[in-house]
Visitor: 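Handing you this structure, nothing more for now.
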Amino acid sequence: MRNTIISMYQPSHLASLLPTMQSSIESATQNLNIHPHKQGNDNDNDNKDVLFSNISLRLATDIIGQAAFGINFGLSKPNSTNDQPKNSEVSDFINQHIYSTTTLKMDLSGSLSIILGLLIPFLQEPFRQVLKRIPGTMDWKVERTNQNLSSRLNEIVMKRDNEEKRDLKDFLSLILSVRDSKKVSRNLFTSDYISALAYEHLLAGSATTAFTLSSIVYLVSGHPEVEKKLIQEIDGFGLRDQVPSAHDLQHKFPYLDQVIKESMRFYTVSPLIARETAAPVEIGGYMLPKGTWVWLAPGVLAKDPKNFPESEKFRPERFDQNGKEEKNRHPYAHIPFGIGPRVCIGQKFAMQEIKLSIIHLYRHYVFQHSPKMETPLELDYGIILNYKHGVKLRVIKRNV
Ligand code: HEM
């Protein structure tokens with residue numbers, strides 16, 4: 001199964017996604033447009049502040065929507081909050097998804113059953129069953145959202161399943177076709193299972209990438225020396241309308257690479273990675289029997305001063321390939337995409353999307369922290385890291 005999915009993330013397929021990604025990025029960027037005559041006038045500051053984390057979530061959802069479902073949700077269209085996609089089942093579904101990712105934030109700290117489960121684990125499930133029936137509780141909201149999401153998703157899957165001819169460019173069509181080709185058992189690939197896989201893909205690919213994109217812009221805007229170097233590299237690449245190829249993205253932006261790595265180290269979006277031992281194994285002097293759950297914490301590794309001196313400082317140069325720090329570092333010290341046979345499938349996809357977005361953004365704008373934003377930045381620690389109040393930025397159009 002993993003092999004089937006991996007084929008979607010091979011370099012040739014990724015390169016073919018470039019125009020789609022670029023067009024969503026250009027569309028999302030229009031949401032940043034400010035009137036040039038308003039620059040520099042403090043009375044107009046409100047007009048220049050944007051909730052960047054929402055723009056990036058919409059963008060990442062649109063992009064993965066096209067790769068996972070072959071559907072353009074249209075969330076990145078300028079003022080898309082008032083301009084919903086035509087297909088109502090899709091718009092319902094995606095509104096639920098945005099709601100669950102921003103409002104519910106995958107943060108279940110408000111859920112009584114979760115809090116109770118931490119204190120008295122065996123009472124968690126019975127309490128959840130009761131609380132999910134009481135309107136207004138977090139458990140009720142989560143249950144309702146999950147039900148809505150899965151029924152919307154089932155509709156999308158069923159509709160695609162009934163299509164006679166499927167374009168094999170997206171994930172959903174690909175797995176439906178693998179199932180139809182009888183390479184895998186129909187009993188295994190039930191509609192529910194396919195819906196769950198497609199949703200996992202959407203979730204894995206949107207919130208993570210959006211968070212990372214927002215943290216890069218947030219961190220760069222707080223470090224003018226980094227911003228200057230980054231813009232120099234981006235401007236040095238070529239004309240503003242020259243879209244870099246997949247090859248350019250991989251090889252011609254070494255400083256951007258460092259900025260992305262350092263941002264992902266600074267705010268590691270997937271703080272925990274789980275594994276189950278397949279055989280008895282000794283780790284760090286502890287003998288673990290078969291079937292033991294082992295939790296890896298890439299976010300903790302990323303702050304280890306042995307591998308990252310002055311780890312509390314944002315310093316992209318620490319990832320300079322020719323630098324001493326990079327050469328001396330343990331090869332597994334920085335693993336934001338995980339490691340081994342279950343490493344993130346979408347790593348190259350995400351990197352292509354992030355690089356393309358950053359290049360486009362800094363060709364046209366620079367950013368400052370909005371005074372309305374809290375300092376230091378407050379985070380929610382859930383399955384993935386999220387911003388408590390979003391990333392609010394002031395947008396300044398570049399005069400180039
Ligand atoms: C900055 C963006 C991203 C980060 C930081 C990230 C991080 C991760 C991490 C840490 C894992 C667990 C790896 C392990 O267990 O060793 C993972 C798994 C996964 N990711 Fe990503 N991811 C990102 C973007 C994406 C994108 C764009 C997609 C889809 C296009 C995606 C799809 C997946 C899938 C399907 C898995 C499960 C793989 C498996 O269990 O075999 N991710 N990701």
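Order of appearance sets the numbers: ligands from 1, and atoms from 1 within every ligand.
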Visitor: NZ of Lys303: more than 12 outside heavy atoms within 6.0 angstrom?
Guide: yes
Visitor: For ligand 1, note which part of Pro336 has a heavy atom under 4.0 Å away: side chain, backbone, both or neither.
Guide: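 Backbone only.
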Visitor: Distance under 4.0 Å to a non-hydrogen atom of Val269: what atoms of ligand 1 satisfy this?
Guide: 5 (C)
Visitor: Mark yes when over 12 heavy atoms from residues, nucleotides or ligands other than Lys261 sit less than 6.0 Å from its NZ; otherwise mark no.
Guide: yes
Visitor: Considering only heavy atoms, does Phe349 approach ligand 1 within less than 4.0 Å through its side chain, its backbone, both, or neither?
Guide: side chain
Visitor: Check this for me, if you would: do Glu374 and Lys388 make a salt bridge, where the nitrogen-to-carboxylate-oxygen distance has to be below 4.0 angstrom?
Guide: no
Visitor: Does Gln347 have a non-hydrogen atom less than 4.0 Å from ligand 1?
Guide: no
Visitor: What is the ring orientation for Tyr362 with Phe367, classed by angle as parallel under 30°, tilted 30 to 60°, or perpendicular over 60°?
Guide: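 The rings of Tyr362 and Phe367 stand perpendicular, inter-plane angle above 60°.
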Visitor: Among Gly205, Ser215, Pro298, Ala60, which residue places a heavy atom closest to atom 27 (C) of ligand 1?
Guide: Gly205
Visitor: Determine, for Glu325 against Arg329, whether the closest basic-nitrogen to carboxylate-oxygen distance falls under 4.0 angstrom.
Guide: yes
Visitor: Give the numbers and elements of all ligand 1 atoms closer than 4.0 Å to a heavy atom of Ile64.
Guide: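 By the 4.0 Å cutoff, the relevant atoms are 29 (C), 30 (C).
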Visitor: Could you grab the distance from atom CD1 of Ile335 to atom CG of Leu301, nearest 0.5 Å is fine?
Guide: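 So the CD1 of Ile335 and the CG of Leu301 are separated by 5.5 Å.
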Visitor: Check each atom of ligand 1 against the heavy atoms of Thr208 and keep those under 4.0 Å away; list them by number with element.
Guide: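 Under 4.0 Å from Thr208, ligand 1 has these atoms: 1 (C), 2 (C), 3 (C), 4 (C), 23 (C), 24 (C).
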Visitor: For ligand 1, note which part of Met264 has a heavy atom under 4.0 Å away: side chain, backbone, both or neither.
Guide: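 Answer for Met264: side chain.
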Visitor: Is the shortest distance from a heavy atom of Arg275 to ligand 1 less than 4.0 Å?
Guide: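 Arg275: in contact with ligand 1 (<4.0 Å).
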Visitor: Between Phe211 and Tyr267, what is the ring plane arrangement, given parallel below 30°, perpendicular above 60°, and tilted in between?
Guide: perpendicular
Visitor: Does the cation-pi check pass for Arg363 over Phe237, that is, NZ or CZ under 6.0 Å from the six-membered ring centre and within 45° of its axis?
Guide: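 Geometry flag: not set, cation outside 6.0 Å or 45°.
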Visitor: Check this for me - ligand 1, Arg342, N or O atoms closer than 3.5 angstrom, yes or no?
Guide: yes
Visitor: Are any of the N/O atoms in Ile339 less than 3.5 Å from those in ligand 1?
Guide: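 Such a contact does occur with ligand 1.
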Visitor: With atom 17 (C) of ligand 1 as the reference point, say which of Ser263, Pro341, Cys344 has the nearest heavy atom.
Guide: Cys344
